[in-house]
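Report on the structure given below.
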Amino acid sequence: MTAKIAFDEVEVGTELPPQSFPVTRATLVRYAGASGDFNPIHWNERFAREVGLPDVIAHGMFTMAAAVRVVTDWVGDPAAVVEYGVRFTKPVIVPDDDQGALIEVSAKVAAKLDDGRVRVDLTATSAGQKVLGMSRAVVQLA
């Protein structure tokens, strides 16, 4: 697969389609099984509160992976993402109800780089709070 977006067709400021990603306790259990990260702060409310958290929180790597889906869906090829990094600023708190939490992600092309690459800056929020900072991906375009 290769990127479906051409470098020449993208300008600085191009906005990627925003997306929202629901997260429930069941989502966290499935992610824990797939990742092997069974830290009780991600599934045990009592333990999470004992260590000073307001409730169970989503895995940081899950949050990071959900956010970059905005980029991979836009470019059409996950392998086109050649660099990706974030800072974790706030946890995604996942209540034990039918709604869970929502991670809302927007992104835009922040810079055109050499060799057909662009830097995409992402904004990820949950419950009105920014959950990722310095969230940036470098993408190889067609």
Atom [atom1] in [X], atom [atom2] in [Y]: separation rounded to 0.5 Å?
X    : Y    : atom1 : atom2 : result
K130 : T123 : NZ    : OG1   : 5.5 Å
R136 : D121 : CZ    : CG    : 5.0 Å
N44  : R49  : CG    : CZ    : 11.0 Å
D8   : K112 : CG    : NZ    : 6.0 Å
Q19  : L102 : CD    : CG    : 11.5 Å
T89  : M134 : OG1   : CE    : 12.0 Å

> Should E45 and R25 be marked as a salt bridge (Lys or Arg N to Asp or Glu O under 4.0 Å) after you check the CA-CA gap, both sets of side-chain angles, and the distance that decides it?
Replying inline: CA-CA 10 Å; E45 186 174 332; R25 295 281 178 95; 3.6 Å; yes
Heavy-atom pair of closest approach, residues [X] and [Y]:
X    : Y    : value
A58  : V23  : CB-CG1, 4.4 Å
I57  : L28  : O-CD1, 3.9 Å
W74  : V10  : CZ2-CG2, 4.0 Å
L122 : Y84  : CD1-CE1, 4.2 Å
S20  : E104 : OG-CG, 3.6 Å
L132 : F88  : CD2-CD2, 3.6 Å

If you group Ile, Leu, Val, Met, Phe, Trp and Tyr by side-chain heavy-atom gaps below 4.5 Å, do [X] and [Y] land in one group?
X   : Y    : answer
L16 : V12  : no
I5  : L113 : no
V29 : F21  : no
V82 : V120 : no

>> Holding to ring pair (Phe, Tyr, Trp, His ring centres under 6.0 Å), I want the full list of residues that pass it with Y31, two or more places apart in sequence or in another chain.
In response: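 Listed in chain order: H59, F62.
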> Checking side chain to side chain contact (heavy atoms under 4.5 Å, CB included) for the pair V75/L141: CA distance, chi angles, key distance, verdict?
Replying inline: CA-CA 7 Å; V75 76; L141 298 182; 3.7 Å; yes
> Which is it for F7 and V139 under the side chain to side chain contact (heavy atoms under 4.5 Å, CB included) test, yes or no, and what are the steps along the way?
Replying inline: CA-CA 10 Å; F7 182 78; V139 183; over 6 Å; no
Donor-acceptor contact below 3.5 Å, side chain [X] vs main chain [Y]:
X    : Y    : value
T125 : G128 : no
W43  : F38  : yes
S135 : V86  : no
D115 : R117 : no

> Under 4.5 Å between any side-chain heavy atoms of D37 and H42, yes or no?
Replying inline: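 D37 reaches H42 side chain to side chain.
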> Are any non-hydrogen side-chain atoms of T63 and I103 less than 4.5 angstrom apart?
Replying inline: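 T63 reaches I103 side chain to side chain.
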> Charged N to carboxylate O under 4.0 angstrom, R46 versus D55?
Replying inline: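 So R46 does not pair with D55 through a salt bridge.
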>> Run I41 and L53 through side chain to side chain contact (heavy atoms under 4.5 Å, CB included) and show every step you take.
In response: CA-CA 8 Å; I41 63 172; L53 295 168; 3.8 Å; yes
>> Could you go through V71 and V81, starting from their C-alpha distance and side-chain angles, then the distance that decides it, and tell me whether this counts as side chain to side chain contact (heavy atoms under 4.5 Å, CB included)?
In response: CA-CA 8 Å; V71 177; V81 177; 4.0 Å; yes
